[in-house]
Amino acid sequence: MSSKLRSLNDWVEQVAAHTRAANVQWCDGSQAENDRLIELMLESGDLERLNPETHPNCYIHRSDPNDVARVEHLTFVCTEREEDAGPNNNWMAPGEARALMSGLFAGCMEGRTLYVVPYCMGPIDSPLSRCGVEITDSPYVVANMRLMTRMGADALERIEREGRFVKGLHSTGDLDPDRRYIMHFPEELSIQSFGSGYGGNALLGKKCHALRIASYQARSEGWLAEHMLIVGIENPQGEVRYVAGAFPSACGKTNLAMLIPPETYREAGWKVWTVGDDICWLHPGEDGRLWAINPESGFFGVAPGTSESTNPNALAMLDRDAIFTNVAVTDDNQPWWEGLDDRVPARDWRGRGFDPRRGPAAHPNSRFTVPIKRCPSYSEQAESPDGVPIDAILFGGRRATLAPLVLEASDWNHGVLLGAGMASETTAAATGQVGVVRRDPMAMKPFCGYNFGDYWAHWLAVGDKLSRPPKIFQVNWFRRNGDGRFIWPGFTDNMRVLEWVLARCRGEVDARQTAVGALPEVGDINLEGLDAVPDMEALLAVDPEAWRDELEAVAGYLSEFGGRVPETLKEMLASVQKRLAR
Ligand code: OXD
Ligand code: MN
């Protein structure tokens with residue numbers, strides 16, 4: 001097979017020659033093709049079958065122990081001018097990057113099959129979707145791309161019709177961390193990734209395309225590509241309102257996206273619908289609202305901590321048709337991770353007999369890949385070509401102190417400031433120290449494909465186009481008390497905050513105005529049915545001293561982006577600082 005599209009064929013031929021691939025296989029996304037790939041990986045040891053009685057059609061992949069997370073220090077944005085990538089990105093000149101990558105790719109597929117993977121990010125018939133083609137030598141990547149994107153014949157047909165696609169070239173190479181690079185060329189809509197098989201580095205539709213390249217493309221086309229979940233909240237009257245939320249990696253986006261409301265809410269008729277858990281493309285609509293699609297069609301979720309109490313919907317979808325990466329297994333070959341239950345695993349994520357002295361059984365960034373349609377709270381609207389209209393945007397972070405449970409921005413521009421000032425404690429989703437507070441504007445620090453200064457200007461410009469913009473809120477589920485314990489129960493009870501957020505959007509409840517934003521009155525968060533009443537005073541406290549320091553830190557951070565920071569944002573910051581000084 002090949003394609004009717006000359007530019008695609010030429011590229012595939014040129015890559016096959018350069019990498020000296022043994023075979024070229026065009027992927028059609030069919031079940032038969034997937035079955036063959038799974039068989040191949042079972043034979044090669046890339047996959048092991050999990051217990052077919054308890055987990056039919058589920059497999060485990062154990063990665064190289066060196067290759068378990070995104071590698072931000074090896075991820076580059078290669079724009080012609082360094083300042084266009086901005087201080088938020090590692091930069092390399094495109095010519096230098098291409099030469100480096102060409103050296104690495106030369107001959108790297110000798111003896112291997114080159115897979116051509118056409119994919120569509122977003123519903124196949126949506127004008128908001130965008131397409132790409134990934135060339136890879138990893139059957140694991142092909143199988144995961146089939147779960148995470150609309151991959152195969154339909155995508156190829158759309159690509160041939162449009163003639164435009166993001167070019168992604170990937171090889172696992174020899175998995176040598178010294179020969180590992182994830183390069184982005186946003187000006188030519190292309191990606192080159194070498195030396196890693198890990199999802200965020202290798203499933204190029206996800207972070208590389210749907211965030212870094214798409215954010216750049218979105219800026220020139222007038223929309224936003226964001227690191228956000230999308231969730232529909234149905235009230236007892238049967239009306240569904242959609243909320244998008246940006247949270248840094250491993251801060252509970254997946255749990256929030258498929259939350260089951262607390263019992264009292266369920267009894268009253270509240271329901272939650274899942275549209276997406278990680279990435280959201282937001283387009284201004286003709287009606288002056290923001291419309292969102294989830295460009296993905298699956299979840300690549302963090303396994304540890306997922307349990308019957310934290311995320312029962314996730315557990316319900318993980319008992320068939322899933323690929324697990326770097327989890328542990330029980331003696332009857334079921335997948336297991338810390339926080340799941342109190343069984344003792346037999347083998348750890350490296351396949352060794354489990355020995356707690358060697359650390360956790362599952363890797364802290366172990367993952368599951370599963371089609372979104374397997375989720376019990378799956379929303380049919382995830383296939384809507386128009387997307388869903390967004391009423392509220394949440395910016396969340398993991399902050400032990402300072403940030404209250406929820407805070408409402410006074411308007412869109414103030415919301416952009418709240419997003420730009422986001423900070424969070426780091427997690428295991430990326431290589432590096434865990435638990436350090438770092439600035440993570442809009443949860444996009446690792447994912448924005450261009451200078452943050454220009455990105456904030458673009459956010460402001462998108463707001464100018466909206467006559468009915470969503471309200472913007474900052475949330476923090478992770479505030480701790482003096483003993484270091486979380487004050488807010490989180491998980492299902494985050495529904496209580498969402499109820500307040502939506503009541504604000506509908507103008508149904510007043511708020512307490514403070515210098516930094518509007519907060520709920522202590523009695524306005526519904527606590528009915530909670531066993532232990534959290535310290536709401538502490539959760540909703542605003543400490544002016546601490547906020548003055550915070551805003552100074554935000555000002556210092558913004559100044560790193562120099563002249564690219566929009567004046568409007570600086571003025572907004574100054575006006576909040578002025579209110580705090582009083
Ligand atoms: C992810 C991440 O995998 O943000 O979604 O790291
Ligand atoms: Mn993510």
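The model shown is predicted, which means the values in this text are computed figures rather than measured ones. No hydrogens, no waters, no symmetry mates; every other heavy atom, side chains included, goes into these values. Numbering of ligands and ligand atoms starts at 1, following listing order.
The distance between the ring centers of Phe300 and Tyr198 falls below 6.0 angstrom.
Checking Phe447 against the Mn ion (ligand 2), every N/O/S atom stays at or beyond the 2.8 Å cut-off.
Of all N/O/S atoms in Asp278, OD1 sits nearest the Mn ion (ligand 2).
Between His227 and ligand 1 there is a heavy-atom distance shorter than 4.0 Å.
The two residues Cys120 and Ser129 make their nearest non-hydrogen contact at SG-CB, 3.8 Å.
Atoms of ligand 1 found under 4.0 Å from any heavy atom of Ser249, numbered from 1 in the order shown, are 2 (C), 4 (O), 6 (O). Each of the atoms 4 (O) of ligand 1 lies under 4.0 Å from some heavy atom of Phe447. Heavy-atom proximity to Asp278, at under 4.0 Å, picks out these atoms of ligand 1: 5 (O).
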- Message: For Glu48 and Arg62: C-alpha separation, side-chain torsions, deciding distance, then whether salt bridge (charged side-chain N to carboxylate O under 4.0 Å, His left out) applies.
- Response: CA-CA 9 Å; Glu48 263 178 40; Arg62 295 193 183 89; 3.1 Å; yes
- Please report the C-alpha distance between Leu229 and Asp278 in whole Å, then the side-chain angles of each, then the deciding distance to 0.1 Å, and finally whether the side chain to side chain contact (heavy atoms under 4.5 Å, CB included) criterion is met. CA-CA 5 Å; Leu229 64 93; Asp278 194 41; over 6 Å; no
- Tell me, with the steps shown, if Met228 and Lys253 meet side chain to side chain contact (heavy atoms under 4.5 Å, CB included). CA-CA 8 Å; Met228 291 179 178; Lys253 286 210 303 298; 5.7 Å; no
- Task: Could you walk me through whether Arg439 and Glu560 pass the side chain to side chain contact (heavy atoms under 4.5 Å, CB included) test, one step at a time?
- Result: CA-CA 12 Å; Arg439 293 280 146 204; Glu560 289 174 27; over 6 Å; no
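Contacts between Phe299 and ligand 1 below 4.0 angstrom, taking non-hydrogen atoms only, are absent altogether.
Closest to atom 3 (O) of ligand 1 by heavy atom, among Arg367, Lys206, Glu72, is Arg367.
At the Mn ion (ligand 2), the vertex angle linking NZ of Lys207 with NE2 of His227 is 90° (nearest 10 degrees).
An N or O contact shorter than 3.5 Å is missing between Lys253 and ligand 1 by distance.
Taking the six-membered ring where tryptophan is involved, the planes of Phe76 and Tyr181 are tilted, since the angle between them lies from 30° to 60°.
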